[in-house]
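First the structure, in the form of structure tokens, and then the observations on it.
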Amino acid sequence: MPNDPIIIRTVADLRAHVADWRRDGQTIALVPTMGALHDGHLSLMRLAKGQADRVIASIFVNPAQFGPGEDYERYPRTEAEDVARLATVDVDAAFVPTAREMYPEGFATRVHIERLGDVLCGAHRPGHFDGMALVVVKLLTSALPDVAIFGEKDYQQLQIIRRFTADLNIPVRIMGGPIEREADGLALSSRNRYLSPEQRQIAVALSVALKAARDAVKAGGDPSEASAKAREDIVKAGFDSVDYVEVRDPSSLELVTEAGTPARVFGAARLGPTRLIDNWPVD
Ligand code: AMP
């Protein structure tokens, strides 16, 4: 039986554990999450295990990355179940700070990422990536792991993190992990818990439509036509609205206008109050 992870609640305690492990010559991987852990998160923990001697998972529903009217209050908080799931993949420590610990009285700092942060989800969730970047900068500089692992499910987030760690000289290797999906193709997400059984049936249409657009572009089809077709199919399947479907360059996130260049198909759509995102590589 693997041991339960150590629960760490303060930055000072996190630093003390990391310092102990470093003294013993051990390497450290960090996997940031907002909890409500599913198999997608656990796949990142397993990847982390192969990259370092010690794995720290953080669980923090970060208020700075939610906009007004978004789901900060109702976001699922399931600490006991999360810790039990982390034990099954042999995670050493769970860093579970309070909002007050991360944003103490008087906190006044912001991080802003230009260009990469302005498109796709950045255009539809103002301030979201700045809030995400703020907490990830704090997590990385608090733990100073050798490697930090993020899922390609949030591909734009991963690219933004690569950008600011380079720009700010944060000495951490950033690694991406592949998207884990349900058998029918729906990308695993903590927000899938919000879906009614009927909405769950509809939800798969996002993945199906983006994958069809990916196949069309791969076969030489026009990226903007493939995106328009995917948007139509998502609405026809029963989504209430589409925030975007776009084909973009996988590193610069610039719009791709011709088939045959490196690309990834990105989409976000709303089903009742739930906003789902997904993406597929054109390889
Ligand atoms: P979250 O808890 O939603 O903030 O996600 C924490 C980390 O898990 C992020 O790096 C996500 O990209 C990653 N993640 C979420 N869903 C999946 C998935 N289905 N497959 C792989 N990684 C995922």
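Please read these numbers as outputs of a predicted model, since none were measured by experiment. Each ligand, and each atom within it, is numbered from 1 in the order the structure gives. Along the sequence shown, the residues carry numbers beginning at 1. What you see below is based on every heavy atom in this structure, not just the backbone, and it leaves out hydrogens, waters and symmetry mates.
Phe60 meets the ring-ring contact (aromatic ring centres under 6.0 Å, His included) test with no other residue; sequence neighbours excluded. For Tyr103, the ring-ring contact (aromatic ring centres under 6.0 Å, His included) partners two or more places apart in sequence, or in a different chain, are Phe107.
Gly151 CA, 3.6 Å is the protein heavy atom nearest to atom 22 (N) of ligand 1. Protein heavy atom in closest approach to atom 11 (C) of ligand 1: Asp154 OD2, 3.0 Å. Nearest non-hydrogen protein atom to atom 20 (N) of ligand 1 is Glu180 N, 2.9 Å. In this structure, atom 1 (P) of ligand 1 lies nearest to the protein heavy atom His41 NE2, 3.6 Å.
The existence of a salt bridge linking Asp283 and Arg264 is excluded, since no basic side-chain nitrogen approaches an acidic carboxylate oxygen closer than 4.0 Å. Salt-bridge formation is detected for the pair Glu79/Arg9: a Lys NZ or Arg NE/NH1/NH2 atom is positioned less than 4.0 Å from an Asp or Glu carboxylate oxygen. Under a 4.0 Å N-O distance rule, the pair Asp222/Lys229 does not qualify as a salt bridge. A salt bridge is absent between Arg115 and Asp118: the closest approach of a Lys/Arg side-chain nitrogen to an acidic carboxylate oxygen does not fall below 4.0 angstrom. Salt bridge annotation for Arg110-Asp130: absent, with no cationic side-chain nitrogen under 4.0 angstrom from a carboxylate oxygen.
Under a 4.0 Å criterion applied to the non-hydrogen atoms of Ile179, ligand 1 contributes the atoms 20 (N), 21 (C). Listed by atom number, the atoms of ligand 1 under 4.0 Å from Leu188 heavy atoms are 16 (N), 17 (C), 18 (C), 19 (N). Contact atoms of ligand 1 toward Thr33: 2 (O), 6 (C) (distance under 4.0 Å to a heavy atom of the residue).
Between the side chains of Arg173 and Gln51, at least one donor N or O lies within less than 3.5 Å of an accepting N or O.
Contacts with ligand 1 closer than 4.0 Å are made by heavy atoms of both the backbone and the side chain of Met34. Residue Pro32 touches ligand 1 through its backbone alone, judged by heavy-atom distances below 4.0 Å. For Leu44, every heavy-atom contact with ligand 1 shorter than 4.0 Å involves the side chain, none the backbone. Contact annotation: for Pro178 versus ligand 1, heavy atoms closer than 4.0 Å belong to the backbone alone.
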Salt bridge (charged side-chain N to carboxylate O under 4.0 Å, His left out) assessment of Asp39 paired with Arg46: CA-CA 10 Å; Asp39 288 345; Arg46 289 192 195 93; 5.6 Å; no
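Within the 4.0 Å heavy-atom cutoff, His38 counts among the residues contacting ligand 1.
By heavy-atom distance, the residue among Glu152, Gln157, Lys153 lying nearest atom 23 (C) of ligand 1 is Lys153.
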